[in-house]
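We use all heavy atoms of the structure for the numbers below, so side chains are in, but hydrogens, waters and symmetry mates are not. Reminder, nothing fancy here: chain letters follow the sequence lines and each chain counts from 1.
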Amino acid sequence: MDELQDALKQAVKDLFNEDVEPKLTRSEEQFGDYTTNLAMQLGAKLGKQPREIAEAIAGKIRASEILAKTEVAGPGFINVFLSDKSLLDAMGKKPRQSNSGKSVVVEYSDPNPFKVLHVGHLYTSVVGDAIASLYEATGAEVARVNFGGDVGLHVAKTMWAIIQKLGGEAPSGLQSIDPGERAGWLAERYVEGNSAYEAEGSKAAIHELNKRIYQIVEQNDRESGLAQIYWATRQWSYDYFDAFYDRIGSRFDRYYPESETAEPGLKIVRQNIGKVFEESQGAVVFKGEVHNMHTRVFINSEGLPTYETKDVGLIFKKWQDYRFNRSVVITGNDIYEYMQVVLKAVEQIQPELAQKTVHITHGMVKAGGGLKMSSRLGNIIRAEDVLDAASQANKKANQQDNPQVALGAVKYAFLKNRLGSDMVFNPAESVSLQGNSGPYLQYALVRAGSILQKASNKQAVLDGKLEADERSLARKIGEFSEVVEVAAQEHLPSHICTYLYELAQNFNRFYEKNRIIGDAREPLRLGLANAYSEVLREGLRQLGIPAPEKM
RNA sequence: GCGCCCGUAGCUCAGCGGAUUAGAGCGCCUGUCUUCGGAACAGGAGGUCGUAGGUUCGAAUCCUUCCGGGCGUACCA
């Protein structure tokens, strides 16, 4: 609340000739709308009793017309109550555009072609979408990008198994695979290739294949049998990804396949051998120990780039393409230490790129009731299985088949937890229509829409004196813009979830006790219902949760 | 071993330096209701915030110890 902060700042200047940046916090409703601990902070500095200081400041700002009441409480808190008018005005406020004019690249999801999409990808995708939206809500120009390994050892493993399966490097055999089965078929080949690799016997052959695949990409070979198999099945993967993203409502501005970042990465790493990297045991490594990190291999002893080098290439490519003010990378926390090393290496080469990059990590998803791992695909939970499980739970529990509800349930279940720790996902719980769930919010919006629809020809105003319940609702609605600012700044979509749930509860409480249509206070209450509905809709949109017309 | 992350009600989680009773959902118990869509609302039982110290006017929140769990630790991604 800028006006209040300014008033406090001025008061402190006038009274004590000190320059401060007053911090406001939302207080419990009974204590007011905002609280500041300014006086306690000044107490030590000025050598005065905090309560005395608080009284003086409170006296000074009391005259402000945005405030209805100012109190000093406890050890020296200044509690302020907004006037009805400023409370109503705050409802329509947009979040502060702290990222206005900034170019932000958000990278997330990052599935590997030739492999299956699992719960982790779903989780990262949902989180990434939300974080990208939060940047946009605070004014940024956002590019959503997706990085994936279309070259590398896992590809070689898959290709090896494909060749076994087809009985040679014969692309014609691919035609017998049903288009609907392609992704699953590839995923099974990966698992086979991986076991073969671990069984040692085929290791050399797979390494050899790995080199050939790099060559195919480098020379843009479209002719050889292996190349034809590679390009065709690679496309299968991207088709599969696109279909999946379509299903969950994600869209990316750009895919960065590793095949495009390998060469630039290699070039940069090689240029910096002796400066940033060093040769060791036939490989090119970055010595992490001096920075309290792990040493990692960037170019292996066969001269091939590892993931590290491709990631270096990626960072420079992104820079070339977007000249970003900030680059956000969202992944699971299993690669936290890895990313630290890559960023440290980049920092030695071009410091600003590392400084502008933030790596956000989330925990792992564990399966709650009703979710089974696929042993056939290597003991993972497929992303589609999660959505299907939610759909089925929805059918069973609520006798309805609404993909929007199932998707909303899954997304909300993932987003409502603070990023960082592992989480348990339980499909049945997620589609529960009671309590803190996506469908509860979707339903709340449908319900509000129904009221507004019914009163569409009536007048709505945002003016007048508020009753207690109305005030409480208005206060909550007005918090939205601040919640968005905090969520964006902290990269925590969960704040939006918590807020929206509290908001919907607040409205339901109001609605339970008070009539809207037909009441003497109808215009104001319609105004409130309108503002509520808009905030709820916008919040769900930021989270990527669909808003059904009917439920 | 070392490094990073995480331990809050039976379960799943908010709260992440601020106040008297540490919150919510699920589950359990009790109510409201011929509803502007009840997929709702009101209430109850249930927690010495893993442990032991420390910093602070004030600690679930910051620092340290220990315990427990997850992840990472040179040619995978």
Participant: Determine the Euclidean distance between corresponding C1' atoms of B/A22 and B/A14; express it in Å to zero decimal places.
Facilitator: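 Per the computed distance, 11 Å lies between those C1' atoms.
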Participant: Please table the atom pairs, donor to acceptor, closer than 3.5 Å between any side-chain atom in residues 32-40 of chain A and protein atoms at least two apart or in another chain.
Facilitator:
residue, atom, partner, partner atom, Å
A/Asp33, OD1, A/Arg471, NH1, 3.3
A/Asp33, OD1, A/Arg475, NH1, 3.0
A/Asp33, OD2, A/Leu82, N, 2.7
A/Asp33, OD2, A/Arg471, NH2, 2.9
A/Tyr34, OH, A/Arg26, NH2, 2.9
A/Tyr34, OH, A/Glu482, OE2, 2.3
A/Thr35, OG1, A/Ser27, OG, 3.2
A/Thr35, OG1, A/Asn79, OD1, 2.9
A/Thr36, OG1, A/Lys23, O, 3.1
A/Thr36, OG1, A/Leu38, N, 3.2

Participant: If the plane angle is over 60° it's perpendicular, under 30° parallel, otherwise tilted; pick one for A/Tyr197 and A/His207.
Facilitator: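 Rings of A/Tyr197 and A/His207: perpendicular, as their planes differ by over 60°.
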Participant: Under 4.0 Å, heavy atoms only, any strand: does A/Gln442 hit a base, just the sugar-phosphate, or nothing?
Facilitator: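 If one applies the 4.0 Å heavy-atom cut-off, A/Gln442 turns out to touch nothing in the nucleic acid.
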Participant: Between A/Phe507 (CZ) and B/C36 (P), how many Å, whole number?
Facilitator: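 Checked: the CZ to P distance equals 13 Å.
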Participant: In whole Å, measure the gap between the C1' atoms of B/G7 and B/G50 for me.
Facilitator: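 Here B/G7 and B/G50 have their C1' atoms 6 Å from each other.
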Participant: So does A/Lys476 pair up with A/Glu479, basic N to acidic O under 4.0 Å?
Facilitator: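 Counted as a salt bridge, because a side-chain N and a carboxylate O are separated by less than 4.0 Å.
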Participant: Quote, to the nearest angstrom, the P distance that separates B/C62 from B/A19.
Facilitator: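 It works out to 15 Å between them.
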Participant: So, A/Lys344 and A/Glu347, do they make that salt bridge, N to O below 4.0 Å?
Facilitator: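 A salt bridge is present here (some side-chain N lies under 4.0 Å from a carboxylate O).
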Participant: In what stems does RNA chain B take part, counting only runs of at least 3 consecutive Watson-Crick or G-U pairs whose two distances fall under 3.5 Å?
Facilitator: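 Detected stem regions: B:1-7 with B:67-73, B:10-13 with B:23-26, B:28-32 with B:40-44, B:52-54 with B:62-64.
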Participant: Do the rings of A/His154 and A/Tyr190 sit parallel, tilted or perpendicular, given the 30° and 60° boundaries?
Facilitator: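 Perpendicular: the ring planes of A/His154 and A/Tyr190 meet at over 60°.
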Participant: What interatomic distance, in whole Å, is found between P of B/C41 and the corresponding atom of B/G47?
Facilitator: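 The same atom, P, in both gives a distance of 25 Å.
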Participant: Below 4.0 angstrom from OP1 or OP2 of B/C5, is there any side-chain N or O of A/His362?
Facilitator: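 So the side chain of A/His362 is outside the cut-off, no N or O lying under 4.0 Å from OP1 or OP2 of B/C5.
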Participant: Among the candidates B/C76, B/G25, B/A19, find the nucleotide nearest to the side-chain atoms of A/Tyr501.
Facilitator: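 The answer is B/G25.
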Participant: Are A/Glu263 and A/Lys317 close enough for a salt bridge, meaning some N to O gap below 4.0 Å?
Facilitator: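 No salt bridge links A/Glu263 with A/Lys317.
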Participant: For a quick check, with a 4.0 angstrom heavy-atom cut-off, what is the B/S/- contact string for nucleotides 55-72 of chain B, read 5' to 3'?
Facilitator: ---------------SSB
Participant: Write down the distance between CE (A/Met339) and P (B/U73), rounded to a whole number of angstrom.
Facilitator: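 Atom-to-atom, A/Met339 to B/U73, this comes out as 14 Å.
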Participant: Report the C-alpha distance between A/Asn436 and A/Tyr412 in whole Å, list the side-chain angles of each, state the deciding distance to 0.1 Å, and finish with yes or no for side chain to side chain donor-acceptor pair (under 3.5 Å).
Facilitator: CA-CA 9 Å; A/Asn436 192 359; A/Tyr412 188 84; 2.5 Å; yes
Participant: So what does A/Ser301 hit on the nucleic acid, given a heavy-atom distance under 4.0 Å: a base, only sugar-phosphate, or nothing?
Facilitator: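 Base contact.
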Participant: Which residues satisfy the side chain to side chain contact (heavy atoms under 4.5 Å, CB included) test with A/Val446, sequence neighbours excluded?
Facilitator: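 Testing A/Val446 for side chain to side chain contact (heavy atoms under 4.5 Å, CB included), a comparison that skips the adjacent residues, returns A/Met551.
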Participant: Report yes if a side-chain nitrogen or oxygen of A/Arg515 is closer than 4.0 Å to either non-bridging phosphate oxygen (OP1 or OP2) of B/C36; otherwise report no.
Facilitator: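 True: A/Arg515 side-chain N/O within range (under 4.0 Å) of B/C36 OP1/OP2.
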Participant: It should be established whether A/Ser450 places a side-chain nitrogen or oxygen under 4.0 Å from OP1 or OP2 of nucleotide B/G37.
Facilitator: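 Indeed, a polar side-chain atom of A/Ser450 lies that close.
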Participant: Take atom C1' in B/G18 and the same atom in B/G1, then report the distance between them in whole Å.
Facilitator: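 The answer is 41 Å between these two C1' atoms.
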Participant: In whole angstrom, give the distance that lies between atom CE of A/Met551 and atom C1' of B/A40.
Facilitator: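 The distance from CE of A/Met551 to C1' of B/A40 comes to 13 Å, rounded to the nearest Å.
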Participant: What integer number of Å spans the C1' atoms of B/U64 and B/C76?
Facilitator: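 Rounded to whole Å, the distance is 37 Å.
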Participant: Side-chain N or O of A/Arg418 less than 4.0 angstrom from OP1 or OP2 on B/C13?
Facilitator: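 So the side-chain polar atoms of A/Arg418 never come under 4.0 Å of the phosphate oxygens OP1 or OP2 of B/C13.
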Participant: Does A/Tyr307 have a side-chain nitrogen or oxygen under 4.0 Å from the phosphate oxygens OP1 or OP2 of B/A77?
Facilitator: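 A/Tyr307 to B/A77 OP1/OP2: no side-chain N or O under 4.0 Å.
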Participant: Roughly how many Å is it from CG in A/Leu503 to P in B/A14, rounded to a whole number?
Facilitator: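 These atoms are roughly 20 Å apart.
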Participant: Do A/Asn508 and A/Tyr440 have side-chain N/O donor and acceptor atoms under 3.5 Å apart?
Facilitator: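 Distance-only check passes for A/Asn508 and A/Tyr440.
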Participant: Nearest whole angstrom, please: distance from the P of B/U20 to the CG of A/Asn79.
Facilitator: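 In whole Å, B/U20 P lies 13 Å from A/Asn79 CG.
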Participant: What nucleic acid atoms does A/His495 come within less than 4.0 Å of, heavy atoms only: base, sugar-phosphate, or nothing?
Facilitator: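 Sugar-phosphate, no base atom in range.
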Participant: Checking all strands, does A/Leu153 fall into the base, sugar-phosphate, or nothing category for heavy-atom contacts under 4.0 angstrom?
Facilitator: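 Sugar-phosphate, backbone atoms only, no base.
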Participant: With the threshold set at 4.0 Å, does a side-chain nitrogen-carboxylate oxygen contact exist between A/Arg189 and A/Glu192?
Facilitator: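 Looking at A/Glu192 together with A/Arg189, the answer is yes, because their closest N to O distance falls below 4.0 Å.
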Participant: For A/Asn417 and B/C6, what is the distance between atoms CG and P respectively, to the nearest whole Å?
Facilitator: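 That distance rounds to 14 Å.
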Participant: When you compare B/G68 with B/A77, how far apart are their C1' atoms, in angstrom units rounded to a whole number?
Facilitator: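 About 30 Å, rounded to a whole number of Å.
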Participant: Which of parallel (below 30°), tilted (30 to 60°) and perpendicular (above 60°) describes A/His291 and A/Phe286?
Facilitator: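 Geometry flag for A/Phe286 against A/His291: parallel rings.
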Participant: Between A/Lys69 and A/Glu71, does any NZ, NE, NH1 or NH2 come within less than 4.0 Å of an OD or OE carboxylate oxygen?
Facilitator: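 Result for this pair is yes, salt bridge flagged.
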Participant: Are A/Lys157 and B/A77 close enough that a side-chain N or O sits under 4.0 Å from OP1 or OP2?
Facilitator: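 Negative; the distance criterion is not met.
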Participant: List every contact pair, protein side and nucleotides 41-44 of chain B side both N or O, where the distance is under 3.5 Å.
Facilitator:
residue, atom, partner, partner atom, Å
B/C41, OP1, A/Tyr440, OH, 3.0
B/C41, O4', A/Glu512, OE1, 3.4
B/A42, OP1, A/Arg509, NE, 2.7

Participant: Separation of A/Ile206 atom CD1 from B/C76 atom P, in whole Å?
Facilitator: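 Result: 12 Å.
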Participant: Should A/Ser259 and A/Asp150 be marked as a side chain to side chain donor-acceptor pair (under 3.5 Å) after you check the CA-CA gap, both sets of side-chain angles, and the distance that decides it?
Facilitator: CA-CA 6 Å; A/Ser259 57; A/Asp150 61 337; 2.5 Å; yes
Participant: Taking any heavy-atom pair under 4.0 Å as a contact, classify A/Val446: base, sugar-phosphate, or nothing.
Facilitator: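 It contacts base atoms.
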Participant: Tell me what A/Ala444 touches on the nucleic acid: a base, only sugar-phosphate, or nothing, going by heavy atoms under 4.0 Å.
Facilitator: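 If one applies the 4.0 Å heavy-atom cut-off, A/Ala444 turns out to touch nothing in the nucleic acid.
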Participant: For a quick test of reading the model: is some side-chain N or O of A/Lys310 closer than 4.0 Å to OP1 or OP2 of B/A77?
Facilitator: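 So the side chain of A/Lys310 is within the cut-off, an N or O lying under 4.0 Å from OP1 or OP2 of B/A77.
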Participant: Expressed in angstrom and rounded to an integer, what is the separation of A/Met293 atom CE from B/G3 atom C1'?
Facilitator: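 The answer, rounded to whole Å, is 11 Å.
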Participant: Under the side chain to side chain contact (heavy atoms under 4.5 Å, CB included) rule, collect the residues that match up with A/Lys211, sequence neighbours excluded.
Facilitator: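 Residues passing side chain to side chain contact (heavy atoms under 4.5 Å, CB included) with A/Lys211: A/Glu302, A/Leu304.
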Participant: If you look at every heavy atom in A/Pro113 and A/Gly148, which pair is closest and at what distance?
Facilitator: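 Distance-wise, the nearest heavy atoms are CD-C, 3.9 Å.
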Participant: On RNA chain B, check which nucleotide each of A/Asn112 and A/Tyr511 is closest to and give me the residue with the more 5' one.
Facilitator: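 Nearer the 5' end of the strand: A/Tyr511.
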Participant: Quote, to the nearest angstrom, the P distance that separates B/C29 from B/A52.
Facilitator: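 Taking atom P in both B/C29 and B/A52, they lie 35 Å apart.
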Participant: Measuring from the side chain of A/Ser280 (C-beta onward, heavy atoms only), which nucleotide among B/C36, B/A74, B/U20 has the closest atom?
Facilitator: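 Of the candidates, B/A74 comes closest.
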Participant: Can you identify which nucleotide, out of B/C75, B/C36, B/A74, has its nearest atom closest to the A/Asn300 side chain?
Facilitator: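 That would be B/C75.
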Participant: Of the nucleotides B/C75, B/C36, B/G37, which has the atom closest to the A/Tyr443 side chain?
Facilitator: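 Looking only at heavy atoms from C-beta outward on A/Tyr443, the closest nucleotide is B/G37.
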